[in-house]
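Here is how names work: the chains are called A, B, and so on, in the same order as the sequence lines, proteins then strands, and each is numbered from 1. These values consider heavy atoms only, across backbone and side chains, with no hydrogens, waters or symmetry-generated copies.
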Amino acid sequence: MLRLDNVVTHYGNIQALKGISLEINQGEIVTVIGANGAGKTTTLKAICGLVSISSGKIFFRGKDITGKPTSDIVGSGIAMVPEGRRVFPRMTVLENLQLGGYLNGDKNLIRKDLERVFELFPILKQRLKQIAGTLSGGEQQMLAIGRALMARPKLLLLDEPSMGLAPMIVSNIFDIIQEINQSGTTILLVEQNAHMALSIAHKGYVIETGRIVLEDTAKNLLNNEQVKKAYLGE
Amino acid sequence: MFFSQFFAQVVNGLTLGSTYALIALGYTMVYGILELINFAHSEIYMTGAFIGLMAVTVYKLPFAAALLAGMAGACMLGVIIEKVAYRPLRKANRIAPLISAIGVSIFLQNAALLAMGPQARAFPANFSAPGLNLGIIQISPLQLLILIISIFLMVGLHFLIQKTKIGQAMRATAQDKETAQLMGIKIDRVISFTFAIGSALGGAAGVLVGVYFNSADPMMGFFPGLKGFVAAVLGGIGNIPGAMVGGLILGLAEVLGAVYMSQYKDAIAFAVLILILLFKPTGLMGRRVQEKV
Amino acid sequence: MVIGINIILAVSLNLVSGFTGQLSLGHATFMGIGAYTATLFALKLHVPFLVALIIGAATAAFFGFIIGVPTLRLKGDYLAIATLGFGEIMRNILLNLKITGGPMGLRGIPKITNIYIVAAAVILVIFSLNRIMNSRVGKSFIAIREDELAAEAMGINTTNFKILAFAIGAFYAGIAGGLFAFLFRYINPNNFGFMKSIEILCMVVLGGMGNTSGAVLGATILTILPEFLRSVSPVISQYRMVFYGILLVVMMIVRPQGLLSDTSFDFLKSSVFGKIKVKKIAEKGGQ
Amino acid sequence: GQSQSTDSSSSSSSSNTNSSQPAGDDVIKIGTLGPLTGNTATYGISTKNGVEVAVDEINKAGGINGKQVKLFSEDTRGDQTEAANAATKLIEQDKVIAIVGGVLSSETMTAGPIANDAKVVMISSSSTATGIPDIGEYIFRNCLSDDVQATQLAEYAAKDLGLKKFAIMFTNNDYGLSLKNAFEKKAKELAQVVDIETYNDGESDFRAQLTKIKGFEPDALYIAGYYTEAAKIAQQAQEQGLKVQILGADGFYSPKLVELGGKSVEGAIFTAGFFADDPAESVQNFVKAYKEKFNSEPDMFAAQAYDAAKILLSAIKNANGAGGETLQAEMAKTKDFPGITGNTSFAENGDAVKDIIILKVENGKFSKLR
Amino acid sequence: MTLLEGKDLTMVFGGLAALDSVDININKGEILSLIGPNGAGKTTLFNLLTGVYSPTRGSICFKQREIKNLKPYDITKMGIARTFQNIRLFGEMSVLDNVIIGQHCRTNTGVFGAIFRGPATRKEEKKVRDRAMDILNFVGLAGEAGEKAKNLPYGKQRRLEMARALATDPDLILLDEPAAGMNPQETNELINLIDKINDMGKTVLLIEHDMKLVMGISQRIMVLDYGKKIADGPPEKVRNDEKVIKAYLGDRAGKEVRAC
Ligand SMILES: Nc1ncnc2c1ncn2[C@@H]1O[C@H](COP(=O)(O)OP(=O)(O)OP(=O)(O)O)[C@@H](O)[C@H]1O
Ligand SMILES: Nc1ncnc2c1ncn2[C@@H]1O[C@H](COP(=O)(O)OP(=O)(O)OP(=O)(O)O)[C@@H](O)[C@H]1O
Ligand SMILES: [Mg+2]
Ligand SMILES: [Mg+2]
C-alpha cells in the first residue's frame, strides 16, 4: 500500500534520513521504533510531503506521490497525528474536529464521524466549545487523534500518540488503534513505548540515525536481544 | 447650539472613522491569516483609487463600474504582491515579510510618483443619490454610502470567516500552516484568496475615499493607511468587527481632538489608542486567551 | 558621519528589538528627544557639548523608562503600535511647543560633530553594548526574547528588564540624536517621525536581528545605498527610490534572516572568544 | 558620477577668465536642489522646471560671455539629511558655483550652511521660513515674505472687502504658521478673529475643524496652506453649508486649485507674486516656454524659481562667470531686477523685497484684483 | 517538616473548576508525585505554586510565607523551580548560557557592572560559569555546553530543563512529565537523576504518567481527579486504591502497576 524507496532528506546541510526503505501492506499495523533523533518523525513528514525529499521515491497505492503537495497526499487518503499534537490553538474543539473532515464534503458523514470520536474520547464531547489551546496536554492528544480520524484515512500515521496520556488512556489508545485497524485502516505507528507498539503491530522497523537497521515481524523483534536491550529497557 | 454642534461632530467622526474602518478591514483580514502587517496595503488602496480614476476620466465609466474596476485591479495587485514578495518568505521569521512589505510599499509609491506625477488629480465621478438632511446635520450621499458599504462588508466578512468552510480554512492556515496542510487545505490558494479579498477591500476604499475627497495622489495612502492600521490594532488585530469599531473610535477620537485642540488632534487620537490598549492589551475586541503552560 | 549616527541608531534598536524581542516602531522618537534636549541645553543654557549630549541621552533614557512602564505590558504587534503611537504623540508635541520652535524647529546649532567624535561614539556604544550583552543583564534580555514565561521562571523580573532594555536603547538613540543635531545644525520634528523609525528598523532587519555586526552592516548599506544609486547615473537617480524598494524585497527574499544572522558571525561580539572558552571548558567537563 | 544635467546646446570654446573654478571652464555650472521624489516632489519639480526654462533661455541666447550654462539637479526627497548630501555632492563633485534651492525650508536649513561654508551662492525661491537668509551672506532668497503677504491680505480683506469676522486654518508647518501669525496679528487689529484651527499637509478630512468654525459664524476663512488641501477645505466647507469668503496666500497659486476645488473655490481671493495671465511680455514668454517644454501650466514655484535663476544668471554675468566672493558681491548688488514675479531687490540679509499681487478665482480662472 | 502547604486551592477557568478545594502538603526532603487522569488539574496546580496563575481561592504557604500573589520571579527567588510540560528552553542560546540564566536570581551584576567589568563582576562571572559547568556535569550534558539548546535531541532538552531549574538553587523543584517522549532506557537514567537531586537535599514534586517511574521513586503519591484530591499516601497504598484504579490506572494498567 505504501512503499518508501531509499528516501533521503535534508534539514539544511544535515542529512536526517540517509536512505529509508520500508513497505506497508494493506490492513497492517507497522511500527517504527528508534531512539530520540533517529529520524522517525522525519520519515512520517516525508511521507506527507512536509519535508522535501532529496532523493528516493514514495508510492502510495501504486501511485508515485514523491514531491506532491501535502494537500494532495492527504486528499489521496493519508492522515497524520503529528508529533506534539499540533491542535489549532485558537479554535474550538469542535472546529478542530471539523477541520479534520475538511476534505469530506458530506455533512452527514461528518456528523457520524463526530459521534464516533466522542465515543472514543467522551471528554472531548464535554469540551466541545473550549478553545483547544487551553486543553490539558492529554486532552489535546486525544483531540489530535480524533481530528485525524475525521478524515477517514486509508492510511493513518501516528507519531507518538501515547505521549503524555494517563495509563488507562494509553491502553485504551492501543485498543483504539487496533480497532481502527480492524475496521480497515492501515496504520504506521511511531512510538517510544516500544513494548506496547510491538505487541499490537504486525511488523516493525528499527531506525537508527536515519537508517533502517532492522526489519522483522513484531513478534521477532520483541524477542530480539538487541531490541530488548536498547528499546525495551530490559 | 451645543448639541447640534456635538451631533454634527459625531457624524463627522463616524464618516471619517468609516473610511479608516474600510481600510482597517483589509489590514485585519491579511493580518488575521498571515500575522503580517501588510504595509503595502496603503499603496493597494492608492492603486485602487487611481484605477478608479482612470475608469472615470479616461474611459468615462459610471461610478459603480469604476468601483468594480478599482476593486478588481487592487485585487490582482494584492495577489501578485503576495506571490512575489511574501510567498518566498513563508518559512522565514515574522519580521522579514514586514520589511518586504515596506519595500513593496516604497516601490509602489515611487512608481506611482513617476507614472502619475506628484500632483493630486481631481476625481470627478458623477455619483448622485439622495443624501440625508437632518436639519443641522447634512450627510452627503457618499458619506452614507461609505458607512453602509463598510458595515455591509464587515458583516459579510465576519460571516465568511466565522461561518464558512473557506473561512475556517483561513483561520486554520493562520494558526498553523503545516498542520493546515495536513487537513488537506491548499494553503497557497487560501492565502491568495485572502489577499484577493483584502486587497479588493483596499481598492474599494481607495475609490470611495478618492471620490469622496475628489482627489487622488501617489501619497494618498500614507496617512489613511497608518490610521487604518492603527484602527485595526485598536479593535483587536485579526478581528473583523474589531476593525470596524476601531475605525469608528479612531475617527471619533480624532474629531473630538480637533474640536478641543486641533493642533493636538493626532496626539489625542494616539493617546486614546494607547489608553485603550493599556486596559485591553489585545485591542477592544481581541480575545485574550490566557497562555496555557 | 551619517553612517556612524545610523550605526548607533541601528545597534540601539537592535538591543530592544533584536536581542530583547520587543518590536518598536518609535525608535526615532528617542533620537528626537536626545537631539532636542541636547540642543536646548546647549543653546539656551550654554552647556558644553559633551555634557549636553549626555543630558540629551539621559533624557531620552528617562522617556524610554516612562513609556516603558505602561506599554511593555503589551505584546508583539500591540507593543509595536503603542510605540508608534507614542512616537506620533511626541512628534505632535514637538510640533506645537514654543520652546522647540514648533514646525520651525531649532536652528543656529553650532557645528561640533565631526568624524572623530562620531567614531569615538560608535566605538564606545558598541563596546559598552557588547559588555552588556555578554553579562547577566544581556543574557536576561535574550532569555526574554526566547521565552518570556520561562525567563520569569528563572527569576528574571521581565518587566524591569524590558524597561531597562528600552531605556538603554533610548539612551544610545539619544546620543545619536545629539550628534545629528550638532552635525546638521538644524532640527525639526519631522526628522524624527515614523519614517525614520521604519528606516532604522529596516537597517536592523536587513543586517540580521540580534546581531550587532549585522546592525552595523545594515546601517552602512542602507545609508550608502540611496547615495550610491544617486551617483550611478542620472537615470537611476530618478528611479532610485523605486530600486530601493525592490532591493529591500529582493534582499529579504534572498536572505530572510538578514545578512548576518547567525550569532556566531557576530564579529563585534567578544563572545567569539567566549565561545572558544566554552568549548574548552566543555571538553574538559566532558572527560 | 554624473548627475542629471541639462545642456541644451554644445559648449562653446574655452576662453579662460579669472574664474574661481579650477576645472571645466568651458561651461558655467549651477545646481538645483529640491525634492524630485517623495510627497513634496510637486514643489521640487516645479522649481527645477522653472530653472531649466531660464537656463535654456540664456543658453539659446549664446550663454554667458559665450559660455554655456550647465545645470545639475539633485533630489532631496524632502529629507534634510539627503539635502545636505545633495548640497555636498553639487559643491564637491559637480563643482557648481551657485545653487538654486532648496525648496523646503528644512532642507535649506541644512544645505544652506554647507553652501555658505563653501562660499557657494545659494538662492532659494520658496523656503519661506524666518531665519533662512540669516544662515550666512551667501544665502539669498527670492520669494514673497509670509509676513508681508498675510498682512497685506488682512488689510485688503478688512478694509476693501469690509469683512469683519475671520476664521483661520493653517497647515502646521513653518509656512502655515508664519502666515497665520501675521494674518492673525493684522486681522485682530482691524477686525475680529473668531477661531483658529490647524491641519497637517496630506490630510483629507477637515470637517471637524469646519464644523467648529461654522459655529462661530465667520464671514471669511483664511487658509494658510497649499492648494491641494485648500481645495478640499473649500469643498468640504461648501458641503457643510459654511458660506464664507475664502482667502489664501501664494500656496493657492496653481491651476490645480480649480481642478480639485471646482465650484467651491470660485471667488477665492489670495496673494501671489506671479500672475500667468499678466499680459506683460516677459510673463507670456515664460508661460509659453514652460508649456512647450513641460506640457503643463507653470505654478508659482516655477515662476519664482525662474526669477531666482534669472537673478542668479545675471549676477554671474556681472561677475564674469566667477563664483565665490565675486558672485556674492554681485548678487548683493541686485536692485529692482525686473522679473516675472515683480521687481526684486535684496535687503541687507539677502531677503527679497518685492511687490505683491492679489488674485481672485473667477469662472474657474485667476484674475488680478490688485 | 512542612516545606509548602496549599489550602483550599481552587482555580476556575470560565466556569470550569480545573482545581476544586485541593489541599497539598509537601514535606521537606521528600519526593512527592502528583498523578491523575488527563485534565485533572495537575499542571494547573504547578502553575498556581509557581505564580503563573493566581488561584481563584485558597492559600499557599512556602517556608511559612504566603506566596499566592507573588510573581513567578519572586517565587523562584524564594526557592521554587520548575520544568514545563512543553519544553520551554531558550532555544537560540547555548546550553551553558541556559544554565547561567538559571542563576539569574542568585547574582546581581547590573548595567554598570557589566560595562565596567570590575573585579567583583569578573569574580561573579567566573563563579557562575563554574557552577553552570558543575551542574551540566551533574546532569551529563557537559559535552554539549556549547550547543544551541534547540539543536539538542528531545531527551537531552528535558535534562537541560532540569539543569536550568537546578541552577536557580531551589529548595523545591517541580517536574512536569519529565519522562514524556523518552524511551525506557532514557527513563531509567532519569530515575537515577531524580534520585540524585533528591539526595542533594532538594524536595521534589513530580507529575508523571509513567507508572514505573512514579512507583519506583516516590515516597508519597497524591492523586487528582476532576480537580479534586482522591487519594494521598505511600505508593503501595495508592496503587491498590479502588478509586485510583477506576479513575486513573484502569484495570489492565493497574495490574501491571501492582506487579511492579
Ligand atoms: N527542523 C529541523 N531542523 C534541523 N534539524 C532537524 C529538524 N527537525 C529534526 N532535525 C534533526 O533531524 C534528526 C531526526 O529528527 P526526528 O525528529 O525525525 O527524530 P525522531 O526519531 O522523531 O526523534 P524523537 O524521538 O525525539 O521524536 C535529528 O537529528 C534532529 O535533530
Ligand atoms: N488557561 C486555561 N483556560 C481554560 N481552561 C484551562 C486553562 N488551563 C487549563 N484548563 C483546563 O483545566 C483542566 C486542567 O488542566 P491541566 O493542564 O491542569 O491538566 P493536567 O492534569 O495537567 O492534564 P495532563 O495530564 O493531560 O497534562 C483541563 O480540563 C484544561 O482544559
Ligand atoms: Mg519524533
Ligand atoms: Mg499537564
(message) Is the shortest side-chain heavy-atom distance between D:Asn200 and B:Asp266 below 4.5 Å?
(response)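 Sidechains of B:Asp266 and D:Asn200: in contact.
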Which atoms of [X] approach chain B - backbone, side chain, both or neither, heavy atom under 4.5 Å:
| X | result |
| --- | --- |
| D:Lys212 | both |
| D:Asp195 | neither |
| D:Tyr227 | side chain |
| D:Leu210 | neither |
| D:Thr42 | both |
| D:Gln235 | side chain |

Between [X] and [Y], which heavy-atom pair has the shortest distance, and what is it?
| X | Y | result |
| --- | --- | --- |
| B:Phe223 | D:Asp201 | CE1-O, 3.3 Å |
| B:Ala122 | D:Leu260 | N-CD2, 3.3 Å |
| D:Thr211 | B:Gln9 | CB-NE2, 3.5 Å |
| D:Gln209 | B:Lys265 | NE2-CE, 3.9 Å |

(request) Assess whether atom NZ of D:Lys164 is packed by more than 12 heavy atoms of other residues, nucleotides or ligands within 6.0 Å. (result)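 Count not over threshold, so no.
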(request) May I ask you to name which of D:Gly202, D:Ala41, D:Ser204 has the most heavy-atom pairs under 4.5 Å with chain B? (result)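 The option with the most such pairs is D:Ser204.
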(message) Under a 4.5 Å cutoff for heavy-atom pairs, which residue among B:Gln119, B:Met220, B:Gln109, B:Gln263 has the most contacts with chain D?
(response)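 Option with the greatest count: B:Gln119.
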(request) Among B:Ala258, B:Pro224, B:Pro218, B:Gly257, single out the residue with the greatest number of heavy-atom pairs under 4.5 Å to chain D. (result)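 Ranked by contacts with chain D, first place is B:Ala258.
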(request) Counting only heavy atoms closer than 4.5 Å, note whether B:Leu113 contacts chain D via side chain, backbone, both or neither. (result)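 Side chain only.
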(request) For side-chain contact (heavy atoms from CB on, under 4.5 Å), just list the numbers for D:Gln240 and B:Asn12, CA-CA rounded to whole Å, side-chain angles, deciding distance to a tenth of an Å, and then say yes or no. (result) CA-CA 10 Å; D:Gln240 300 221 329; B:Asn12 288 336; 3.4 Å; yes
(request) Ignoring hydrogens and angles, tell me if any N or O in the side chain of D:Lys232 forms a donor-acceptor pair with the backbone of B:Phe213 under 3.5 Å. (result)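 Checked: no pair found.
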